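Take a look at the structure set out below.
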Amino acid sequence: MSVLVGLIVMLGMVVIVPLGLGLVGDPSLDRIRRMWPLFAAPGALSLWLPRGGVAAALALCYALGTLLLATHAPRRLARTRSARPAEAALLTALVAPSVAALALVAERSGHELFGFGLGILALTVPHFHFAGFAAALVAGLVCRAQDGTAGRFAALSVPLGTLLVLVGYFTGDRTELAGALVLTAGMWTVALLTWRTARTDGRDPVTGALLAVSAGVLAVTMVLALSWALGEATGLPHPTLTWMAATHGLGNALGFALCALLARRRLQELTPSEGRTA
């Protein structure tokens, strides 16, 4: 695992997931959010060790935490009994880290899971922390705040696009391209709604700046994702995986996910009633 990818994954494990869980507004998640460092610390350490038994064991500790988190999805669904688009996105966010952790355990052990090479597995880990967890969570929060047609479209298309990309790993590049198209449409909608919030919500300039940055970066990084998926499916020239990690990956991690979640936390602090809704 390259240093850059390792740093991006560590950001997802240590910062993005617990920060995002605090925004869901579900008291049942408080305990696992407090416990999260116990899982994230060994997972982060595993990134910097040579592949083998020790690294895999530490990654397995992180996987345990993600599985505990994933069990909240069916329980939340049974409790809320809601088919709202925002709920679909939030449930996707709860499950996505477990997919990343499965890939991490395989990659750290040196095992080519389902025939996927170690390089692809290494990139699957950040993908499902950011395109899976962070993107779905932000789409759900945006839909919760702006429950119109655009918000509902974003909240449904981001989970659907993520699922299609995952299926495309097994069925071929064209399904992955379809997933990238759906995911890009959803994330561009998230960017548009976020930009509107930044322009119209004048309560706090710092929050507005964070929202604007996340929207602008997201618009650009999804173009890169689409160009890569199109190139893989058609053979047209497209960025290399290394270049994608340095641009799309880093941009999504810092410019989109971190800025968006920090902005949403500030918005909840300004409007405390939005923070506990389920």
Side-chain angles (χ1 to χ4, degrees), residues 6 8-47 55-82 84 86-108 124-144 155 158-159 162-163 166 253 257-258 260-269 272-278:
I8 291 172
V9 171
M10 191 164 67
L11 176 69
M13 290 176 169
V14 176
V15 178
I16 297 299
V17 173
L19 177 60
L21 293 179
L23 298 174
V24 176
D26 187 344
S28 69
L29 292 174
D30 288 347
R31 183 179 180 184
I32 192 168
R33 184 164 62 89
R34 290 193 300 267
M35 294 172 57
W36 196 256
L38 299 177
F39 305 114
L45 179 59
S46 76
L47 302 171
L58 291 171
L60 194 59
C61 293
Y62 182 65
L64 176 60
T66 66
L67 289 175
L68 290 175
L69 177 60
T71 63
H72 282 270
R75 282 185 282 173
R76 180 181 173 90
L77 182 61
R79 186 173 69 251
T80 61
R81 296 182 181 180
S82 172
R84 292 176 299 174
E87 274 299 306
L90 294 175
L91 292 173
T92 300
L94 296 179
V95 173
S98 62
V99 179
L102 177 63
L104 178 67
V105 172
E107 192 276 335
R108 291 289 79 199
T124 300
V125 182
H127 181 81
F128 277 89
H129 276 98
F130 293 97
F133 176 81
L137 178 64
V138 172
L141 295 175
V142 166
C143 180
R144 181 188 284 177
V158 170
T162 302
L163 177 61
L166 179 61
L258 185 59
L261 294 180
L262 288 174
R264 293 289 161 183
R265 186 173 72 172
R266 293 177 69 90
L267 285 173
Q268 284 193 0
E269 290 171 350
S273 61
E274 295 178 3
R276 290 311 223 203
T277 60

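It should be emphasised that the depicted structure is a prediction, and the values quoted were computed from it without experimental measurement. Position 1 is the first residue of the sequence, and the numbers go up from there.
- Using modelled atom types, no side-chain atom of Arg144 and backbone atom of Ala139 make a donor-acceptor pair closer than 3.5 Å.
- Nearest heavy atoms, Ala100 versus Val125: CB-O, 3.4 Å.
- Across all non-hydrogen atoms, the minimal contact from Tyr62 to Leu104 is CD2-CD2, 4.2 Å.
- A distance of 12.0 Å separates CG in Leu64 from OG in Ser98, rounded to the nearest 0.5 Å.
- When atom types are taken as modelled, the side chain of Trp36 and the backbone of Met13 share a donor-acceptor pair closer than 3.5 angstrom.
- For the pair Phe128 and Thr162, the minimum side-chain heavy-atom distance is below 4.5 Å.
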Note to self: What verdict does the side chain to side chain contact (heavy atoms under 4.5 Å, CB included) test give for Val95 and Leu69, after you've listed the backbone C-alpha separation in whole Å, the side-chain angles of each residue and the deciding distance to 0.1 Å?
What the structure shows: CA-CA 7 Å; Val95 173; Leu69 177 60; over 6 Å; no
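- A donor-acceptor pair is defined here as one N or O able to donate and one able to accept, closer than 3.5 Å; no such pair exists between the side chain of Arg266 and the backbone of Leu262.
- Of all non-hydrogen atoms in Gly132 and Ala96, the two that sit nearest each other are C-CB, 3.6 Å.
- Leu29 contributes atom CG, which lies 9.0 Å from atom CZ of Arg75 (distance to the nearest 0.5 angstrom).
- Between Ala89 and Pro159, the shortest heavy-atom distance links the atoms CA-CG, 3.7 Å.
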Checklist line | salt bridge (charged side-chain N to carboxylate O under 4.0 Å, His left out) between Asp26 and Arg33, worked out | finding: CA-CA 11 Å; Asp26 187 344; Arg33 184 164 62 89; over 6 Å; no
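- Side-chain atoms of Arg76 and Val24, non-hydrogen and from C-beta on, do get closer than 4.5 Å to each other.
- Val158 has its side chain out of reach of Thr92: every pair of non-hydrogen atoms, C-beta onward, lies at least 4.5 Å apart.
- Rounding to the nearest 0.5 Å places CG of Leu19 at 7.0 Å from CG of Leu258.
- Looking only at side-chain heavy atoms (C-beta outward), Leu94 and Thr71 stay at 4.5 Å or farther from each other.
- Tested against Leu261, the residues Leu23, Val17, Val15 include a single side chain to side chain contact (heavy atoms under 4.5 Å, CB included) partner, Leu23.
- Of all the heavy atoms in Ala73 and Leu91, the pair that sits closest is O-CD2, 3.3 Å.
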From CA spacing to verdict: side chain to side chain contact (heavy atoms under 4.5 Å, CB included), Leu21, Asp30: CA-CA 8 Å; Leu21 293 179; Asp30 288 347; over 6 Å; no
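- Of the inter-residue distances, the one linking Glu107 atom CD with Leu47 atom CG reads 8.5 Å to the nearest 0.5 angstrom.
- The shortest non-hydrogen separation linking Phe130 to Ile16 is CE2-CG1, 3.6 Å.
- Between His72 and Ser28, some side-chain heavy-atom pair lies under the 4.5 Å cut-off.
- No side-chain donor-acceptor contact under 3.5 Å links Glu87 to the backbone of Leu77.
- Arg108 contributes a side-chain N or O that, together with a main-chain N or O of Ser46, makes up a donor-acceptor pair within less than 3.5 Å.
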